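Below you'll find the structure, written out as structure tokens, and then a few comments.
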Amino acid sequence: MLEEYALLPDIFDQAAYSNPAFIEMCLPHLKEPILQEALVRDLCDGGWSAYCLANAGSLHRLCKEILRKLQQNNRLRRFPRQNGTAPASNLDWCQEALVAHAVEPLQGIIAGHATKQQIAAPEVASIEKLTGTPWWQARSPSVTVDRKTADYLRVLDRVLPKANSLMFIDPNLDPSSHNYRDFVQLLTPLAQRTPHPRIEIHRSFCKGDGPARTFPTEADWKGAFSQLSNQLVAQGLTAEVFFWDDFHERYLIADVIGISVPAGFDVTGRPNDCSTWGRLGRNDKDMIQRLFDPAARQPKWRFKI
């Protein structure tokens with residue numbers, strides 16, 4: 001759901017296009033998908049963005065804007081240099097991206113027309129031919145997941161290592177319940193990061209539905225979350241838990257993506273018990289984040305674990 005691409009510097013250079021005028025069509029077409037749907041691999045341990053900025057005076061005006069927004073929106077992912085020497089040409093950057101792709105797969109590498117003419121690898125696409133490229137066409141705002149922790153981790157494999165903040169919004173999330181027994185495993189990958197991201201859990205203050213609904217006290221809920229608290233402490237993590245009036249929708253809201261999670265974060269033992277997660281648009285993501293912002297409205301309770 002959160003793709004990762006390598007962009008070669010020549011996509012910002014009109015001289016690298018088969019027709020210099022094409023840059024005015026291609027770059028704006030690329031801008032929004034990159035800024036809303038993806039991460040960009042900052043090759044050579046940040047050397048790619050430094051190289052583009054150093055040469056921005058001779059490149060298209062969108063070069064600086066796209067780089068600034070990638071940085072502001074936490075969408076640049078630094079990646080160690082793979083080749084022995086720093087790239088000095090567009091072909092060098094392409095080779096660096098291909099080696100990095102072999103180490104950890106990218107969705108694709110987007111190059112200028114001139115560079116693509118020298119590279120047959122299907123992972124590399126000319127920005128002029130991007131809309132006809134299979135891996136670009138395969139982009140999707142949704143993904144079907146089996147309701148198992150391993151599949152959740154697979155889908156979130158780029159989100160968890162990158163997000164600076166995560167809001168797990170699920171009215172039924174109860175780590176003392178059997179079907180949420182694996183929830184801590186979604187947080188475990190965050191322990192490897194420095195600094196740790198902000199973790200929030202949002203749920204309903206009541207339990208169950210209809211006539212069977214109960215109203216545990218704050219002390220009851222602290223007890224229900226105590227085991228998760230101990231597990232997080234053992235990993236050097238903390239989270240804040242918020243309790244709200246009854247709600248029904250489930251989401252994961254991170255700084256890099258918003259995801260609708262219709263069945264929540266519980267797991268089942270049934271094989272192929274699937275749910276379809278959907279990526280939220282920018283406005284919907286921001287609206288839901290505001291809805292669960294304690295600065296905008298007060299939760300019933302809140303405590304740290």
Side-chain angles (χ1 to χ4, degrees), residues 1-6 33-34 36-41 74-80 97 100-109 122-123 133-170 172-173 175 177-193 196-202 228 231-232 235 237 239 249-281 285 288:
M1 299 190 72
L2 187 65
E3 309 295 0
E4 185 175 11
Y5 301 96
I34 288 295
Q36 297 304 317
E37 305 171 11
L39 303 176
V40 171
R41 188 169 292 185
N74 191 28
R75 293 186 178 276
L76 277 179
R77 182 181 173 229
R78 292 171 73 102
F79 199 83
H101 169 71
V103 172
E104 190 175 322
L106 291 153
Q107 185 73 7
I109 300 166
E123 298 86 356
T133 301
W135 49 257
W136 183 259
Q137 293 176 335
R139 291 158 46 242
S140 175
S142 63
V143 62
T144 298
V145 299
D146 193 357
R147 293 174 62 195
K148 312 293 185 292
T149 299
D151 221 27
Y152 296 165
L153 290 170
R154 175 186 63 83
V155 173
L156 298 175
D157 66 341
R158 292 192 178 108
V159 178
L160 297 177
K162 186 60 179 172
N164 287 329
S165 64
L166 297 121
M167 300 169 67
F168 295 89
I169 301 170
D170 180 342
N172 300 321
L173 204 161
S177 175
H178 181 71
N179 55 325
Y180 285 94
R181 63 193 181 277
D182 291 344
F183 178 71
V184 67
Q185 295 181 32
L186 297 184
L187 308 181
T188 297
L190 306 177
Q192 304 168 20
R193 298 182 46 195
H196 295 143
R198 177 181 174 84
I199 304 169
E200 297 180 5
I201 297 170
H202 298 258
L228 178 62
Q231 291 169 324
L232 293 182
Q235 300 178 69
L237 294 171
E249 303 297 323
R250 288 106 164 150
Y251 304 98
L252 173 59
I253 303 295
D255 55 329
V256 292
I257 195 171
I259 305 173
S260 172
V261 186
F265 299 100
D266 66 341
V267 297
T268 74
R270 296 185 296 273
N272 300 314
D273 187 5
C274 294
S275 176
T276 300
W277 291 9
R279 185 178 62 241
L280 300 172
K285 172 181 173 293
I288 293 160

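In what follows, residues are counted from 1 in the order of the sequence shown. If you're wondering where the values come from, they're calculated on a predicted model, not measured in any experiment.
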- First locate atom CG of D255, then atom CE of M167, and finally report the distance between them rounded to the nearest 0.5 Å. 11.5 Å
- Query: Nearest 0.5 Å, what's the OG-CZ distance between S140 and R279?
  - Reply: 7.5 Å
- Quick one: list whatever passes side-chain contact (heavy atoms from CB on, under 4.5 Å) with P33, sequence neighbours left out. E37, W136, R139
- Task: Using the test side chain to side chain donor-acceptor pair (under 3.5 Å), find all partners of D157 that sit at least two apart in sequence or belong to another chain.
- Result: none
- Query: Hey, what do you get for CG (L2) to CZ (R158), rounding to the nearest 0.5 Å?
  - Reply: 7.0 Å
- Non-neighbouring partners of R75 that pass salt bridge (charged side-chain N to carboxylate O under 4.0 Å, His left out), sequence neighbours left out: none
- Item | For R77, salt bridge (charged side-chain N to carboxylate O under 4.0 Å, His left out) partners two or more places apart | E4, E104
- Do the rings of W277 and F265 sit parallel, tilted or perpendicular, given the 30° and 60° boundaries? perpendicular
- Query: For N172, what residues pass the side-chain contact (heavy atoms from CB on, under 4.5 Å) criterion, not counting sequence neighbours?
  - Reply: D170, Y180, R250
- Message: Run the side chain to side chain donor-acceptor pair (under 3.5 Å) test against K162 and tell me which residues pass, sequence neighbours left out.
- Response: N74
- Run the ring-centre check on F168 versus Y251 and record whether the distance is less than 6.0 Å. no
- Rounded distance [0.5 Å steps], CG in L153 versus CG in L160: 6.5 Å
